[in-house]
Protein chains: 2
Amino acid sequence: MVIKKLKKLGLKLTPQRLAILNLLEGNTTHPSAEEIYNQLKPQYPSLSLATVYNTLEVLTKSGELQEIRIKADKRHFDPNPAPHSHFLCRVCESVHDLDDGLLEMQTPFNVNGYLVEGYTLYFYGICPGCLEKEKGKNR
Amino acid sequence: MVIKKLKKLGLKLTPQRLAILNLLEGNTTHPSAEEIYNQLKPQYPSLSLATVYNTLEVLTKSGELQEIRIKADKRHFDPNPAPHSHFLCRVCESVHDLDDGLLEMQTPFNVNGYLVEGYTLYFYGICPGCLEKEKGKNR
DNA sequence: TACTAAATTATAATAATTTTAAATTAAAAG
DNA sequence: CTTTTAATTTAAAATTATTATAATTTAGTA
C-alpha cells in the first residue's frame with residue numbers, strides 16, 4: 001500500500017506524506033490541495049499547504065496520481081492515474097469519475113502529423129444528485 | 001461580419017470591441033488575452049487589459065467564441081465556437097485545432113445518469129513543426 | 001549516536017484574472 | 001443637432017491559487 005509506494009519511488013517516509021496518501025487512497029471525491037490541507041490540519045497542526053502541493057506534485061510526476069484541471073481556478077487530484085474522463089457538475093461544483101467508454105486510446109499515437117502523448121476528456125453538466133433535486137422543485 | 005455580430009448581441013459598437021473581434025476573425029493562433037492586448041496596444045494606446053477580458057467574456061458567454069483551457073496558467077480563445085478538439089505542443093507551447101473526428105457528439109446527452117451539456121477534449125504532445133526540428137537534431 | 005541530504009515550514013513572491021469606482025462615450029431621445 | 005443616460009472603458013487595487021525562498025527540522029543511514 002501507501003508505504004510501499006513511497007519506498008518504490010525512493011521518497012522519504014514522512015508523516016505528512018503518509019497522511020496525504022492515506023487520505024487519497026480509494027478517495028473518489030477528487031479533492032483540491034486546499035481541501036486535503038483542511039482535512040489533515042486538525043490531526044497535523046504543523047502541516048503546511050506548501051507540503052501538500054509538493055507532495056501532490058511529486059506523486060503526480062511519478063505517475064501515482066493524476067491532476068484534474070476541469071475547473072478554471074482550482075486543480076483537483078485523483079488517486080487513480082489511469083486515463084479516464086471526468087465530469088463537473090455546474091450546480092454543486094463536484095467532480096466525478098465518468099467511465100463513459102467513449103474514448104480509450106493507447107498513447108502515444110499520431111493524428112494529422114501530431115504526436116499525441118496524452119489527452120484529457122472533461123464533461124460539463126448536471127450530476128444525478130442535482131438532477132434529482134431539480135425534479136423535486138418542479139413538483 | 002463583426003459589426004453585425006455585435007449588433008445582434010445588443011452590444012455597443014466600440015472601437016475596442018471592433019478591434020478585438022477583427023483580430024480574432026479567422027485567426028487560428030488561439031491567442032491569450034494578453035497576446036490580444038499586446039497586439040492591439042500600438043494601434044489603441046488607451047486600451048486596457050480589463051477591456052480585453054471583459055470583451056472576451058461577453059463574447060464567450062454569448063457563444064461567439066470559445067475559451068480553451070488547455071494550459072494550466074493561461075486561457076486561450078478560439079473564434080470558432082463549434083466544438084472541436086485542441087492540441088498543446090509541449091515543445092513550442094502553441095495551441096492548434098485538431099480535427100481528429102474522434103469525438104463528435106450532440107449535446108445535451110445522458111451517460112450513467114449524468115446530463116452532459118458540453119465537453120472538452122484536449123491533446124498533449126509534439127506538433128508537426130517541432131517533430132521535424134527534432135528529426136533534424138538526430139542527424 | 002552523529003551525519004547529511006531531503007523534506008517541511010512560514011513567509012513572501014508571482015501572475016492571471018477580477019473588482020472597483022471614476023471618467024468617458026455610443027446610441028437613444030428630444 | 002444637442003441632451004441624456006446607461007453601457008463601456010480605464011487605471012489601479014484586490015484576489016487567489018500556486019510557486020519560490022531560505023531557515024529549520026527530520027528520516028534514513030553509517
Side-chain angles (χ1 to χ4, degrees), chain A residues 2-21 23 30-62 64-65 67-77 88 93 95, chain B residues 2-21 23 30-62 64-65 67-77 88 93 95:
Chain A
V2 162
I3 293 181
K4 279 186 188 166
K5 265 187 195 169
L6 288 175
K7 286 202 171 165
K8 186 182 69 183
L9 300 168
L11 296 173
K12 279 194 182 173
L13 219 61
T14 68
Q16 294 88 339
R17 282 177 176 164
L18 288 173
I20 293 168
L21 265 173
L23 185 149
H30 307 92
S32 65
E34 207 177 6
E35 283 163 357
I36 293 169
Y37 173 75
N38 288 332
Q39 286 180 46
L40 295 178
K41 192 71 178 170
Q43 292 223 43
Y44 300 83
S46 82
L47 182 67
S48 156
L49 192 51
T51 297
V52 177
Y53 275 107
N54 284 344
T55 301
L56 290 172
E57 199 197 334
V58 169
L59 294 173
T60 301
K61 278 195 179 156
S62 58
E64 298 296 327
L65 303 178
E67 267 182 30
I68 306 171
R69 297 212 310 253
I70 201 169
K71 286 183 74 176
D73 47 346
K74 211 174 256 184
R75 283 184 292 171
H76 293 254
F77 294 86
L88 175 66
E93 301 265 277
V95 178
Chain B
V2 163
I3 292 180
K4 280 185 187 167
K5 264 187 198 171
L6 288 175
K7 286 202 171 165
K8 188 182 67 182
L9 300 170
L11 297 173
K12 280 194 183 173
L13 220 60
T14 67
Q16 295 87 336
R17 282 177 176 164
L18 289 172
I20 293 168
L21 264 173
L23 184 148
H30 309 91
S32 65
E34 207 177 7
E35 283 163 357
I36 294 169
Y37 173 77
N38 288 332
Q39 285 180 47
L40 294 178
K41 191 72 177 171
Q43 293 223 40
Y44 300 84
S46 82
L47 182 67
S48 154
L49 192 51
T51 297
V52 177
Y53 276 107
N54 284 343
T55 301
L56 291 172
E57 199 195 335
V58 169
L59 294 173
T60 301
K61 278 195 180 159
S62 58
E64 299 296 328
L65 303 179
E67 267 182 27
I68 306 170
R69 296 213 310 255
I70 201 169
K71 284 183 76 176
D73 47 346
K74 212 174 255 182
R75 282 184 294 171
H76 293 253
F77 294 85
L88 174 66
E93 300 266 276
V95 177

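Residue numbering restarts at 1 for every chain, and letters A, B, ... go by the order of the sequence lines.
Taken from NZ in A:Lys71 to NE2 in A:His76, the straight-line distance is 5.0 Å, to the nearest 0.5 Å. Atom OG in B:Ser32 sits 9.5 Å away from atom CG in B:Leu56 (nearest 0.5 Å). Atom-to-atom distance recorded for B:Ile36:CD1 and B:Tyr53:OH is 9.5 Å, nearest 0.5 angstrom. Going from atom CG of B:Leu65 over to atom CZ of B:Phe77 covers 7.5 Å, rounded to the nearest 0.5 Å.
The separation between A:Leu9 atom CG and C:dA6 atom P is 15 Å, rounded to whole Å. Atom pair A:Ile3:CD1 and D:dA27:P shows a separation of 13 Å (rounding to whole Å applied). The interatomic distance linking A:Lys74 (NZ) with D:dA17 (P) rounds to 5 Å, in whole Å. Counting to the nearest Å, the C1' atom of D:dT19 and the CG atom of B:Asp73 are 12 Å from each other. Counting to the nearest Å, the C1' atom of C:dT17 and the CD atom of B:Glu57 are 10 Å from each other. Computed from coordinates, the B:Leu6 CG to D:dA7 P distance equals 16 Å when rounded to whole Å. As a whole-Å value, the separation of A:Ile20 CD1 from C:dT9 C1' is 13 Å.
Distances shown here put every side-chain N or O of B:Arg69 at or beyond 4.0 Å from the OP1 or OP2 atom of C:dA16. Phosphate contact (OP1/OP2 of D:dT19, side-chain N/O of A:Arg75, threshold under 4.0 Å): present. Distances shown here put a side-chain N or O of A:Tyr53 below 4.0 Å from the OP1 or OP2 atom of D:dT18. The shortest distance between the side-chain N/O atoms of B:Gln16 and the OP1/OP2 oxygens of D:dT10 is below 4.0 Å.
The two residues A:Glu93 and A:Leu88 come nearest to each other via the heavy atoms O-CD1, 3.5 Å. Among all heavy-atom pairs drawn from B:Leu23 and B:Pro31, the shortest one is CD2-CG, 4.5 Å.
Considering A:Glu34, A:Glu67, A:His30 as possible partners of A:Arg75, the one that fulfils the side-chain hydrogen bond (donor to acceptor under 3.5 Å, both in side chains) test is A:Glu67.
A donor-acceptor contact shorter than 3.5 Å is absent between the side chain of B:Thr55 and the backbone of B:Val52.
In the helix from C:dT1-D:dA30 to C:dG30-D:dC1, the end axes, each obtained as the rotation axis mapping the C1' atoms of four pairs onto the next four within a five-pair block, lie 30° apart to the nearest 10 degrees.
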- Nucleotide by nucleotide, nucleotides 22-30 of chain C touches protein heavy atoms under 4.0 Å in the pattern (B base, S sugar-phosphate only, - none) ---BBS---
Going by atom type alone, with no hydrogens or angles, which donor-acceptor pairs under 3.5 Å involve a side-chain atom of residues 40-48 of chain A and a protein atom two or more places apart or on another chain?
| unit_1 | atom_1 | unit_2 | atom_2 | d |
| --- | --- | --- | --- | --- |
| A:Lys41 | NZ | A:Tyr37 | OH | 3.3 |
| A:Lys41 | NZ | A:Pro45 | O | 2.7 |
| A:Lys41 | NZ | A:Leu47 | O | 2.9 |
| A:Ser48 | OG | A:Ala50 | N | 3.0 |

Side-chain donor-acceptor contacts of residues 5-14 of chain B below 3.5 Å, not counting sequence neighbours, with atom names and distances?
| unit_1 | atom_1 | unit_2 | atom_2 | d |
| --- | --- | --- | --- | --- |
| B:Lys8 | NZ | B:Glu64 | OE2 | 3.3 |
| B:Thr14 | OG1 | B:Arg17 | N | 3.2 |

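Judged as a salt bridge (charged side-chain N to carboxylate O under 4.0 Å, His left out), the pairs with a partner in residues 51-62 of chain B (not counting sequence neighbours) are, in order, B:Glu57-B:Lys61.
Residues from residues 33-50 of chain B that place a heavy atom under 4.0 Å from any atom of DNA chain D, listed by number: B:Ser46, B:Leu47, B:Ser48, B:Ala50.
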